[in-house]
Amino acid sequence: APLTIAVGLAVGTALSLVVLRRVLVRRGDRVHAPSAARDTGRTHPYTFRRHIIRLLQAGRRQNLRSFLALALGVLTIFAVGLHRQGFNDSAQLRQGTLGYTLWCESTVPIYHDISTLFRKENHIQALQCLRYSADEASCLNLNKVSTPTVLGVDLDALPLDEETRQAMRHGNDTVYPALVDATVLTWSLGKRLGDTLYYAADDGRRVGIRLAATLPNTIFQGNILIGRADFSRIWRGITGSEVILLRVPESDRDAVKEYMEQSLNEYGMTVTTTSERLRQFNSVTDTYLTIFMTLGGLGLLLGIMTFVIVVRKNLLLRRQEIALYRTLGFTDSRIIDMLCRENRVVPLAAIGTGVAASLLSISFGLTHVGVWLWVTAGVFVLLFVGAALYFVRRSVRRTVYSDEDKPPLSGKTKPLCQVRQSLFVR
């Protein structure tokens, strides 16, 4: 509602200004740079590094705030962004679609062999599935379910590993093993592997279906899979197929899709591509990720503003030190290089820490990240680093050259830089 947005914006702005003023006026946050006359006159690398460390320690409180704000913003953006599902990578598509191209679903069971429609097309493979309709358990249904829809599938036609096939062989006449999508198991069912779901068979007896193994994020989301033979033992009256998967070449996909919808129109046939089905399932997840990415973007913006304030405040408080550097014989280029090295430590460390933490947060699913997501993440890392380096150098140059053109202080007492200069000349 507009009123809610307006009130939230006003309250947030007011609180930000109060906190910002409190931080800026606190005397403990002022930077007390150490004496530069002892270390900065030397050019030894170890001494120079020690000097930078001492300067960072002098303002460690505000440097720590800038580091944490920027690192958390980068962490949120990259962790959420890398969790988004991409469907441009062929390897990821094959894993999610199990090699099938079209998902066909009818409202009336089909009792004949679909492969007879493509007798002349040997390169088209069909997988017909029996279906016991129950609750929708995919992420499109946000409610918790107890009895999801069951599909009877020829398990030999699915690309399963040997461990999964072994798990599907352990069953008896009262408890049958089943495959379940990992997303459905965790969020829709709230179960764990080894738990049992109970259904009513055709003969009235109560049979159990044990969740024996999981599938990754696939087109079967919303259903649990059991062997076709086990399905027929439980529901003998269901012999027609309501779900059909087709494996066709990409060049023939649109033509086969149109042919299936026209030839099986009386069965209420609807045909969608498996990639589109995966996109529909992940639309809910991507919506939540978009929300978190927006919040992460606000956090990153806060981190950038904190970094900007810290750098500019640090440079403004060190104008006399810059004048002292000139008195000791340092050139402007040397002063700019030294200040750039000092002020870029915190942003580069924050960006590196945020990216490393985001990679650690998705370490279990690095192989599921698409190539284009990696490319996009790499581009953003380069942009962040380049922007931080550019801002630091630009701010330092403006401060150094503005101080050079600044008129000398007036009064009876000579400024510190003039005293040092006279002593240096003598």
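All values derive from a computational prediction rather than experimental measurement.
For the residue pair Y132 and I238, the shortest heavy atom distance occurs at CD1-CD1, 4.0 Å. Minimum heavy-atom separation, L127 to A157: CD1-CB, 3.8 Å. I77 approaches G296 most closely through the heavy-atom pair CD1-C, 3.7 Å. In terms of heavy-atom proximity, V271 sits nearest to M260 at CG2-CB, 3.9 Å. When every heavy atom of T149 is checked against every heavy atom of A134, the shortest pair comes out as OG1-N, 3.1 Å. Among all heavy-atom pairs drawn from G99 and R247, the shortest one is O-NE, 3.1 Å.
With salt bridges taken as basic N to acidic carboxylate O contacts below 4.0 Å, none links D332 and R397. With salt bridges taken as basic N to acidic carboxylate O contacts below 4.0 Å, none links E276 and K257. Classification of R165 and D161 as a salt-bridged pair fails, no side-chain N sitting under 4.0 Å from a carboxylate O.
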- prompt: Can you check side chain to side chain contact (heavy atoms under 4.5 Å, CB included) on R341 and V345, steps first, answer last?
  reply: CA-CA 7 Å; R341 290 188 184 184; V345 171; over 6 Å; no

field: Chi angles and distances behind the side-chain hydrogen bond (donor to acceptor under 3.5 Å, both in side chains) call for N265, E261
entry: CA-CA 6 Å; N265 182 46; E261 290 176 338; over 6 Å; no

query: Given the rule in the side chain to side chain contact (heavy atoms under 4.5 Å, CB included) test, do L158 and V153 qualify, once you have shown the distances and angles that lead to the verdict?
result: CA-CA 9 Å; L158 300 180; V153 183; 4.0 Å; yes

field: Full working for side chain to side chain contact (heavy atoms under 4.5 Å, CB included) between V311 and V396
entry: CA-CA 9 Å; V311 171; V396 170; 5.8 Å; no

task: Apply side chain to side chain contact (heavy atoms under 4.5 Å, CB included) to the pair L197 and T147, showing each step before the final yes or no.
output: CA-CA 7 Å; L197 305 177; T147 53; 5.8 Å; no

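To the nearest 0.5 Å, atoms CD1 (I114) and CD (Q125) are separated by 15.0 Å. For the atom pair CG (L383) and OH (Y390), the distance works out to 14.5 Å, reported to the nearest 0.5 Å. Atom OG1 of T399 and atom CD1 of I335 lie 12.0 Å apart (nearest 0.5 Å). Here Y100 contributes atom OH and T97 contributes atom OG1; the two are 10.0 Å apart, rounded to the nearest 0.5 Å. With rounding to the nearest 0.5 Å, the separation of OG1 in T107 from CD in E266 is 10.5 Å. In this structure, OG1 in T290 is found 11.0 Å from CG in L295, a value given to the nearest 0.5 Å.
Residues L245 and C104 are not in side-chain contact: their nearest non-hydrogen atoms beyond the backbone lie 4.5 Å or more apart. Proximity of F220 to L98: side-chain heavy atoms (C-beta onward) are separated by under 4.5 Å at one or more points. At least one side-chain heavy atom of L179 sits less than 4.5 Å from a side-chain heavy atom of T164. At least one side-chain heavy atom of T353 sits under 4.5 Å from a side-chain heavy atom of F67. In this structure the side chain of K313 reaches within 4.5 angstrom of the side chain of L317, judged on heavy atoms. Annotation: side chain of H112 is in contact with side chain of I110 (closest heavy-atom distance under 4.5 Å). Residues P148 and N223 have side chains not in contact (no heavy-atom distance under 4.5 Å, counting atoms from C-beta outward). A 4.5 Å side-chain heavy-atom check between V243 and W103 finds at least one atom pair inside the cut-off.
Residue pairs meeting the salt bridge (Lys or Arg N to Asp or Glu O under 4.0 Å) criterion with at least one partner in residues 131-148, sequence neighbours excluded, are E105-R131, R131-E242. Within the structure, ring-ring contact (aromatic ring centres under 6.0 Å, His included) contacts touching residues 239-259 (residues at least two apart or in different chains) are F118-Y259. The list of salt bridge (Lys or Arg N to Asp or Glu O under 4.0 Å) pairs with a residue in residues 217-228, not counting sequence neighbours, is empty. Note on residues 296-316: pairs passing ring-ring contact (aromatic ring centres under 6.0 Å, His included), not counting sequence neighbours, are F307-F391.
Side chain of T272 to main chain of R277: no donor-acceptor pair is present (N/O by atom type, distance under 3.5 Å, no hydrogens or angles). Checked by atom type and distance alone, the side chain of D252 never pairs as donor or acceptor with a backbone atom of A255 at under 3.5 Å. Within the 3.5 Å criterion, the main-chain N or O of L339 finds a donor-acceptor partner in the side chain of N343.
Among L117, T101, L102, the single residue meeting the side-chain contact (heavy atoms from CB on, under 4.5 Å) criterion with V256 is L102.
Residues satisfying the side-chain hydrogen bond (donor to acceptor under 3.5 Å, both in side chains) test with E163, not counting sequence neighbours, are none. By the ring-ring contact (aromatic ring centres under 6.0 Å, His included) test, Y288 pairs with no residue at all, sequence neighbours left out. With sequence neighbours left out, the salt bridge (charged side-chain N to carboxylate O under 4.0 Å, His left out) criterion links R233 to D230. Scanning for side-chain hydrogen bond (donor to acceptor under 3.5 Å, both in side chains) contacts around D113 gives S115, with sequence neighbours left out. Looking at residues two or more places apart in sequence or on another chain, you find no ring-ring contact (aromatic ring centres under 6.0 Å, His included) involving Y176.
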Side-chain donor/acceptor pairs under 3.5 Å, residues 6-15, sequence neighbours excluded:
{"residue": "T13", "atom": "OG1", "partner": "L9", "partner atom": "O", "Å": "2.7"}

Show me the donor-acceptor pairs within less than 3.5 Å that the side chains of residues 181-194 make with the rest of the protein, sequence neighbours left out.
{"residue": "D181", "atom": "OD1", "partner": "T183", "partner atom": "N", "Å": "2.9"}
{"residue": "D181", "atom": "OD1", "partner": "T183", "partner atom": "OG1", "Å": "3.3"}
{"residue": "D181", "atom": "OD2", "partner": "T218", "partner atom": "N", "Å": "3.2"}
{"residue": "T186", "atom": "OG1", "partner": "A182", "partner atom": "O", "Å": "3.2"}
{"residue": "S188", "atom": "OG", "partner": "A137", "partner atom": "O", "Å": "2.6"}

Identify each donor-acceptor pair in which a side-chain atom of residues 201-216 lies under 3.5 Å from a protein atom, sequence neighbours left out, and give them as a table.
{"residue": "D202", "atom": "OD2", "partner": "R236", "partner atom": "N", "Å": "2.7"}
{"residue": "D202", "atom": "OD2", "partner": "G237", "partner atom": "N", "Å": "2.7"}
{"residue": "D203", "atom": "OD1", "partner": "R205", "partner atom": "N", "Å": "3.2"}
{"residue": "D203", "atom": "OD1", "partner": "R205", "partner atom": "NE", "Å": "3.3"}
{"residue": "D203", "atom": "OD2", "partner": "R205", "partner atom": "NE", "Å": "2.8"}
{"residue": "R205", "atom": "NH1", "partner": "D173", "partner atom": "O", "Å": "3.4"}
{"residue": "R210", "atom": "NH2", "partner": "H170", "partner atom": "O", "Å": "2.6"}

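Taking the six-membered ring where tryptophan is involved, the planes of W235 and Y199 are perpendicular, since the angle between them exceeds 60° and thus also 30°.
Other residues, nucleotides and ligands place no more than 12 heavy atoms under 6.0 Å from the CD atom of E258.
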